[in-house]
Trainee: 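Here it is, the structure, as structure tokens.
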Amino acid sequence: MVYIALRSTSRGVVATELSDDGDLVLETVVAEADLAAWVAAREPERPRWVWGDTSRWYPQLLAAGVRVDRCVDLRLCHTILRNSAAAASSALATAARDSWDAPPPARAATTSDALFDLEGPADDADPIAEWRRQRDAVAGAADHGRLGLLLAAESVGALVAAEMRFAGLPWSVEEHDRVLTEILGPRIPGGRPARLDALADRLRELLDAPALNPDSQQDLLKALQNAGFRVESTSKWEIREIDHPAVEPLLEYKSLSRLLSANGWHWLEEWVRDGRFRPVYVPGGVVTGRWASDGGGALQLPKQVRSAVVPDPGWRFVVADASQLEPRVLAAMSGDRAMAKAGQASDMYQGMVDTGAVETREQAKYGMLGAIYGGTTGESGRMRPRIEKAFPAAMAFVEAAARAGEHGDVVSTWLGRSSPPGEGLGYDETASEVQKRRTQQRAAAWGRFTRNFVVQGTAAEWALCWMGSLRRRLWSLGGGSLVEKPHLVFFLHDELIVHTPAGLAEEVAAAMRESAAEAGRLLFGGVPVEFAVSVAIVDRYSDAK
DNA sequence: TCGGAAAGCGCC
DNA sequence: AAAGGGCGCTTTCCGA
């Protein structure tokens with residue numbers, strides 16, 4: 001394996017070739033303008049490019065038509081190693097915070113909790129020293145295989161994030177406009193679209209509140225209370241319980257108004273250019289390891305507008321969804337044999353019914369959500385004893401994570417990403433009853449967080465491996481540049497979309513399934529849990545499922 | 001007048 | 001007794 005570290009200096013880009021042992025082999029200075037050609041010339045050896053931040057280096061390479069196979073994203077890997085319990089005694093984890101601990105550049109400007117006044121990784125931060133520090137940290141970890149896999153997966157995720165932004169999600173402005181007009185009524189510049197306006201009028205009438213502005217929570221709350229309802233908020237959950245003719249139009253108004261403000265014509269004009277939606281994806285942007293996004297609400301695209309996601313002529317989408325990913329992950333990591341058996345069905349919830357754990361699919365679903373989120377009310381609370389009885393190992397696993405969190409202990413995902421330590425969860429006997437109760441509530445909330453962290457975070461690791469495996473397979477299909485072959489255009493936690501020439505769709509679909517199986521083997525080896533994916537070949541996103 | 005907080009809701 | 005995890009975005013509200 002060849003590593004090539006890139007570093008920006010006043011002389012130009014210094015590219016340093018390193019051997020697998022970490023020894024310096026060769027140092028070359030390349031003008032920034034010549035970098036893409038230089039990288040392209042070295043890429044056939046499949047080096048692992050070592051750089052401070054993928055979002056600093058890769059977009060310019062992609063723009064020049066250069067796709068790289070592998071990298072080490074030092075900033076993302078540093079964050080994992082800084083916090084991982086598995087590497088807690090390493091030199092990296094025990095060193096003072098420095099520019100490698102800074103938030104990603106795209107978010108640094110808007111993140112108010114940038115506790116440390118850092119801008120980095122500074123462009124001149126030494127990638128070689130950091131790379132060696134990271135290798136030492138991994139080598140010294142008890143389970144260095146898992147941690148190494150996590151860092152590789154995180155880095156390939158960073159490549160995919162840049163590639164997806166480069167390619168963009170194909171978007172039909174015409175279809176989006178059609179949907180908006182159909183749902184909201186014709187656009188009225190500076191005013192509410194026709195249907196929304198009519199609903200507002202109707203609400204004023206039904207609630208006998210001629211001046212009501214339904215967009216104002218205060219206004220609305222008063223109007224509802226004046227109509228004789230003891231509501232404390234204007235949330236749809238509370239309104240849904242009311243028996244009044246205004247409820248239906250009010251809920252519809254809320255839904256429409258939300259569509260208009262979040263994904264209406266204004267969104268379309270701001271975010272869609274040349275038939276592509278290009279959000280900034282932020283790998284590792286969530287504490288659990290999930291991705292976040294910056295701008296455009298990429299990870300919250302409402303179902304209402306998904307018909308506007310349309311492939312280019314002669315191309316199709318292959319949409320894949322990992323069914324019941326989190327329950328499957330829990331079955332694998334807890335080693336719960338009964339749950340693994342249920343997970344051999346393509347519909348795991350139905351599998352739970354068929355193995356006799358619960359009576360209905362709904363019970364299975366809410367029972368599992370309760371186990372993973374720590375829910376105790378409603379159906380998930382009622383199902384808890386049965387889930388506990390049917391899947392004791394799985395339940396004990398999440399319970400242990402919850403207890404750890406309540407005590408302020410750190411928990412870790414399967415591959416070794418650790419939660420932040422809990423703070424302010426203890427009290428002494430001098431505390432007042434009110435203080436004690438508040439602290440207990442905080443501890444319980446933190447326990448729900450750590451309970452969920454281990455499952456959500458491991459699911460995110462599985463998804464990264466799935467994506468990385470798929471990326472490699474896609475590159476071997478067809479010919480031409482990145483966007484001339486089948487390529488990833490969207491990732492949503494447990495869902496992937498590939499934009500592909502129509503003739504390759506079936507091969508892509510097969511690659512989706514094979515990659516899912518490979519991700520399961522990579523993480524869990526021989527544990528007999530199936531990672532089922534549902535795959536659809538469609539001509540618009542909304543036709544999947 | 002501005003900006004942060006809170007509410008509310010979309011996604012998984 | 002009360003008790004659902006993680007996000008991003010827009011709007012309204014309210015105080016500096």
Side-chain angles (χ1 to χ4, degrees), chain A residues 107 110-113 213-221 232-240 250-251 253-264 266-267 270-271 279-282 284-306 321-327 329-330 365-381 383-384 398 401-402 405-406 411 413 419-420 433 436-438 440-460 463 490-496 541 545:
Chain A
R107 319 193 95 197
T110 51
T111 305
S112 57
D113 62 358
N213 169 14
D215 292 324
S216 162
Q217 289 157 20
Q218 288 182 340
D219 245 29
L220 192 54
L221 189 60
E232 288 178 8
S233 79
T234 62
S235 73
K236 66 177 186 182
W237 306 106
E238 201 165 348
I239 288 169
R240 198 177 282 163
L250 178 53
L251 292 177
Y253 180 90
K254 279 170 166 284
S255 166
L256 267 53
S257 150
R258 164 87 191 185
L259 174 63
L260 175 66
S261 64
N263 294 96
H266 184 253
W267 180 92
E270 187 169 349
W271 288 104
V280 175
Y281 297 95
V282 187
V286 179
V287 277
T288 57
R290 272 189 177 181
W291 286 14
S293 66
D294 212 357
L299 305 185
Q300 296 114 255
L301 283 182
K303 298 218 157 91
Q304 288 158 311
V305 302
R306 291 185 181 182
D321 179 313
S323 321
Q324 303 100 31
L325 177 58
E326 295 192 349
V329 160
L330 174 57
K365 182 172 170 182
Y366 286 107
M368 283 317 302
L369 288 178
I372 292 169
Y373 293 155
T376 50
T377 56
E379 185 75 344
S380 68
M383 282 306 110
R384 189 160 178 154
V398 288
E406 287 165 9
V411 297
T413 60
S419 68
E433 286 308 311
K436 284 182 187 173
R437 198 168 61 243
R438 281 202 192 124
Q440 282 163 357
Q441 283 172 351
R442 237 189 351 258
W446 195 255
R448 288 191 295 277
F449 164 65
T450 51
R451 169 198 292 266
N452 186 250
F453 181 96
V454 294
V455 180
Q456 186 185 114
T458 303
F490 196 58
F491 170 53
L492 188 55
H493 308 311
D494 60 358
E495 197 174 323
L496 290 169
Y541 185 16
K545 286 191 198 176

Trainee: Can you tell me if the side-chain N/O atoms of A:Lys236 get under 4.0 Å from OP1 or OP2 in B:dG10?
Mentor: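 For B:dG10, OP1/OP2 do have a side-chain N/O of A:Lys236 under 4.0 Å.
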Trainee: Once you apply a heavy-atom cut-off of 4.0 Å, does A:Val455 come out as touching a base, just sugar-phosphate, or nothing?
Mentor: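 Counting heavy atoms under 4.0 Å across all strands, no contact is made by A:Val455.
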Trainee: Determine, answering yes or no, if A:Tyr373 is stacked on C:dG5 under the 5.5 Å centre rule and the 30° plane rule.
Mentor: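 Yes; by the centre-distance and plane-angle rule, A:Tyr373 counts as stacking on C:dG5.
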Trainee: So if I take every side-chain heavy atom of A:Lys303 and compare against C:dG8, B:dC11, C:dG6, which nucleotide ends up nearest?
Mentor: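 The listed nucleotide nearest to A:Lys303's side chain is B:dC11.
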Trainee: What I want to check is whether an N or O donor and acceptor connect the side chain of A:Gln456 with the base of C:dG6 at under 3.5 Å.
Mentor: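 Between C:dG6 and A:Gln456, which were checked side chain against base, a qualifying N/O pair under 3.5 Å is absent.
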Trainee: With a 4.0 Å cut-off on heavy atoms, is A:Arg306 in touch with a base, just the backbone sugar-phosphate, or nothing at all?
Mentor: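 Counting heavy atoms under 4.0 Å across all strands, the contact made by A:Arg306 is with sugar-phosphate only.
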Trainee: Using only side-chain N and O atoms of A:Thr234, determine if any of them is under 4.0 Å from OP1 or OP2 of B:dG8.
Mentor: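 For B:dG8, OP1/OP2 do have a side-chain N/O of A:Thr234 under 4.0 Å.
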Trainee: Is the phosphate of C:dA2, meaning OP1 or OP2, less than 4.0 Å from a side-chain N or O of A:Thr377?
Mentor: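 False: A:Thr377 side-chain N/O out of range (4.0 Å or more) of C:dA2 OP1/OP2.
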Trainee: What contact category does A:Ser233 fall into here, base, sugar-phosphate, or nothing, at under 4.0 angstrom with non-hydrogen atoms?
Mentor: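 If one applies the 4.0 Å heavy-atom cut-off, A:Ser233 turns out to touch the sugar-phosphate alone, with no base involved.
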Trainee: Does A:Ser235 reach a base, just sugar-phosphate, or nothing at all? Heavy atoms under 4.0 Å.
Mentor: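 Sugar-phosphate: the residue A:Ser235, judged by heavy atoms under 4.0 Å, touches backbone atoms but no base.
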Trainee: Please report the C-alpha distance between A:Glu326 and A:Arg290 in whole Å, then the side-chain angles of each, then the deciding distance to 0.1 Å, and finally whether the salt bridge (Lys or Arg N to Asp or Glu O under 4.0 Å) criterion is met.
Mentor: CA-CA 13 Å; A:Glu326 295 192 349; A:Arg290 272 189 177 181; 3.6 Å; yes
Trainee: Base, sugar-phosphate, or nothing for A:Ser261, non-hydrogen atoms under 4.0 angstrom?
Mentor: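 It contacts sugar-phosphate atoms only.
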Trainee: Quick check on C:dC14: is either OP1 or OP2 less than 4.0 Å from any side-chain nitrogen or oxygen of A:Gln218?
Mentor: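 Answer yes for this pair, as a side-chain N or O of A:Gln218 is under 4.0 Å from OP1 or OP2.
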Trainee: A:Val286 has a side chain; which of C:dC9, C:dG5, C:dC7 sits nearest to it?
Mentor: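 Nearest to the side-chain atoms of A:Val286, counting from C-beta on, is C:dC7.
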Trainee: Ignoring hydrogens and geometry beyond distance, is the side chain of A:Arg290 in donor-acceptor contact with the base of C:dC7 at under 3.5 Å?
Mentor: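 For A:Arg290, whose side chain was compared with the base of C:dC7, there is no donor-acceptor pair (under 3.5 Å).
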Trainee: Using Watson-Crick and G-U wobble pairs with both distances under 3.5 Å, what is the 5'-to-3' dot-bracket string of DNA chain C, with [ ] for crossing pairs and | for pairs outside the strand?
Mentor: ....||||||||||||
